[in-house]
Colleague: 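Here's a structure for you.
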Amino acid sequence: MTGLTRRQFTTLVGAGAASLAAPTYLRAQGKPRVVVIGGGAGGATAAKYVAKDSNGAIDVTLVEDGDSFTTCFFSNLYLGGFRDLQSITHSYDQLVSAYGITKVTGRASAVDRAAKTVTMADGATLAYDRLILSPGIDMIWDSVPGYSQASAEIAPHAWQAGPQTELLKARLDAVADGETIVMVAPPNPYRCPPGPYERVSMMAHVLKAKGYTGAKIVVLDPKAKFSKQGLFQAGWEKHYPGMVEWYGPDIHGGIKTVDAAAGTVETDFDTFKGVLLNVIPAQKAGAIADGFADDSGFCPIDAASMRSTMDEAVFVIGDASIAGDMPKSGFSANSQAKIAAMNVRGDLTDSRVFPAKYSNTCWSLIETDDGVKVGAQYEPKDGKITSVASFISQTGEDAALRKATYEESIGWYSGIVSDMFG
């Protein structure tokens, strides 16, 4: 079995240069206007497909607060030493040059639904006929007692890729034999359900590769169970015996407080001390989407279109959305973006809109060439995005299959970043 080619990837999920210089933006006369906020797997894909498939009939502006984008997916492989940071960091140049997308580098601070405008942090405004929100996630800092945005500079969450990822890697690389890493895992729902446990695997890989025999990783989890639990725990026992200790809420009884400076996490069961704390708090939709979120902190959508249930001119995709059975993942965001783009084109150009079909796969690496996966196909049913077929790796698979699964993930990554960024 080999990795997916870019063409195979596009077939698999195909269903369904300007920067901010002044508060004035020149637009093609008479064209409907689409503004996309967020340049990740959802936003970049949506901007590309609206522009490409409308054949230039729609004026597309992509807003992202950065000149490049570092993917959160595959950032664990960077921590584990399987990738470098450059390999997971991507430019918007091709989207601008090949598809005529206007890239605005800056932060969107507010949406005026009545006026159909987006206000930028510098006071500039962007008018839209349709708005696609793909802002990812923000942290709910006080969801972990004692944790804060300032604490993240000592006890990094690294759940938004970039500087936090680099900080976590630097802290990981400094761990000595006999020392302990303590992770506080996030509660549901959160970005990339298997992600914390792949991260544990990659941390353990680094410690093992150094020949450490006394280092430990303690996981304090608010959840009684987690994605691919049997696969991860079997992998930890096989590859890292005695190194990983996972405590669910029935054991630790709840997080009472985190002291990042002291390196301690106090629970009802015990106080755990680590030379490195990796605290991943609860999450909500990125702040720009607050006006489209419900009490959960995430944004309800129409399952057939990814249209906000609060505003028919607005679509919400990716981690910020409440997408039924779909997990919050890069693959999910890419799949949802194509459905949203199709419906935006239908709204603005009367092009044909086909029934929505979504897909997702989440791969995880446990140790060198030991890859596992989980995934599903989805359709709108009974008002939500519903799984209609699913699969998961099994415990006890032979080494050749696990290696092939890892190679498949490498092909997928190559394919999705080509699909996102052109």
Side-chain angles (χ1 to χ4, degrees), residues 4-19 27-28 31-71 73 88-105 108 118 126 128-136 305-306 314-321 329-349 351 353-354 356-360 412-422:
L4 297 176
T5 66
R6 293 181 179 181
R7 178 171 295 178
Q8 288 170 333
F9 171 80
T10 301
T11 300
L12 177 64
V13 299
S19 63
R27 302 187 176 280
K31 289 185 180 181
R33 298 162 297 186
V34 172
V35 174
V36 182
I37 298 178
T45 304
K48 173 186 169 181
Y49 276 84
V50 172
K52 179 175 76 71
D53 292 346
S54 68
N55 295 314
I58 298 174
D59 182 45
V60 180
T61 298
L62 175 64
V63 178
E64 169 62 32
D65 191 15
D67 293 320
S68 61
F69 187 84
T70 302
T71 59
F73 50 96
I88 61 171
T89 302
H90 307 279
S91 166
Y92 296 101
D93 291 350
Q94 186 69 11
L95 286 182
V96 172
S97 63
Y99 303 103
I101 294 167
T102 299
K103 167 63 167 61
V104 173
T105 302
V118 174
L126 296 165
Y128 66 83
D129 296 292
R130 292 295 181 269
L131 174 65
I132 301 176
L133 294 174
S134 187
S305 64
M306 301 304 299
V314 177
F315 295 74
V316 186
I317 58 178
D319 296 343
S321 69
S329 75
F331 200 137
S332 290
N334 175 268
S335 179
Q336 294 161 13
K338 293 174 183 179
I339 299 303
M342 175 178 63
N343 281 275
V344 166
R345 295 193 311 272
D347 286 359
L348 300 179
T349 67
S351 60
V353 174
F354 296 90
K357 293 185 178 182
Y358 305 91
S359 57
N360 175 69
W412 169 79
Y413 188 86
S414 177
I416 194 173
V417 296
S418 175
D419 199 46
M420 289 163 57
F421 299 109

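Quick caveat: nothing in here was measured; it's all calculated off a predicted structure. Each residue takes its place number in the sequence, starting with 1. As a basis for the values below, the full set of heavy atoms in this structure was taken, side chains included, without hydrogen atoms, waters or symmetry mates.
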Colleague: Using every non-hydrogen atom in the two residues, find where Ala57 and Pro32 come nearest and quote the distance to one decimal.
Modeller: O-CD, 3.4 Å
Colleague: Within this structure, what is the OH-CG distance for the pair Tyr99 and Leu62, rounded to the nearest 0.5 Å?
Modeller: 13.5 Å
Colleague: Applying side chain to side chain contact (heavy atoms under 4.5 Å, CB included), can you list everything that pairs with Ala98, at least two apart in sequence or on another chain?
Modeller: Gln94
Colleague: The test is side-chain contact (heavy atoms from CB on, under 4.5 Å); show your working for Asp419 and Lys48 and say whether it passes.
Modeller: CA-CA 9 Å; Asp419 199 46; Lys48 173 186 169 181; 3.9 Å; yes
Colleague: Please give me the minimum heavy-atom distance between Ala46 and Ala341, naming the atom from each residue.
Modeller: O-CB, 4.0 Å
Colleague: Quick one: closest heavy-atom pair of Gly43 and Val36, and the distance?
Modeller: O-CG1, 3.4 Å
Colleague: Looking only at non-hydrogen atoms, find the nearest pair between Phe331 and Asn360 and report the distance.
Modeller: CB-OD1, 3.2 Å
Colleague: Give a yes or no on whether the backbone of Gly318 and the side-chain of Ser321 come within a donor-acceptor separation of less than 3.5 Å.
Modeller: yes
Colleague: Would you say Thr102 and Val104 make side-chain contact, with heavy atoms under 4.5 Å?
Modeller: yes
Colleague: May I ask you to decide whether Asp129 forms a salt bridge with Arg33, counting only side-chain N to carboxylate O separations under 4.0 Å?
Modeller: yes
Colleague: Between Ile37 and Val118, is there a side-chain heavy-atom distance shorter than 4.5 Å?
Modeller: yes
Colleague: So, do Val344 and Phe315 sit near enough that their side-chain heavy atoms are less than 4.5 Å apart?
Modeller: yes
Colleague: Please give me the minimum heavy-atom distance between Val314 and Tyr128, naming the atom from each residue.
Modeller: CG2-OH, 4.3 Å
Colleague: The criterion is ring-ring contact (aromatic ring centres under 6.0 Å, His included); which residues satisfy it with Tyr92, sequence neighbours excluded?
Modeller: Phe421
Colleague: Going by heavy atoms in the side chains, are Thr61 and Ile101 under 4.5 Å from each other?
Modeller: no
Colleague: Roughly how far apart are Asp347 CG and Met342 CE, rounded to 0.5 Å?
Modeller: 11.0 Å
Colleague: Whether the side chain of Thr70 engages the backbone of Thr89 through a donor-acceptor N/O pair (distance < 3.5 Å, no angle test) should be reported.
Modeller: no
Colleague: With rounding to the nearest 0.5 angstrom, report the CZ to NZ distance, Phe354 to Lys338.
Modeller: 15.0 Å
Colleague: Once you round to the nearest 0.5 Å, how far does OG1 of Thr349 lie from CD1 of Ile58?
Modeller: 5.0 Å
Colleague: Check the pair Val34, Asp59 against side-chain contact (heavy atoms from CB on, under 4.5 Å), reporting the backbone distance first and the verdict last.
Modeller: CA-CA 6 Å; Val34 172; Asp59 182 45; over 6 Å; no
Colleague: Roughly how far, to the nearest 0.5 Å, is CD1 of Ile339 from NZ of Lys357?
Modeller: 10.0 Å
Colleague: Could you measure the distance from the OG1 atom of Thr71 to the CE atom of Met420? Nearest 0.5 Å is fine.
Modeller: 7.0 Å
Colleague: Taking C-beta and beyond as the side chain, do Val50 and Ile132 meet within less than 4.5 Å on heavy atoms?
Modeller: yes
Colleague: Could you pull out the closest heavy-atom pair between Ser329 and Asp319, with the gap in Å?
Modeller: N-OD1, 3.7 Å
Colleague: Run Leu126 and Val63 through side-chain contact (heavy atoms from CB on, under 4.5 Å) and show every step you take.
Modeller: CA-CA 10 Å; Leu126 296 165; Val63 178; 3.6 Å; yes
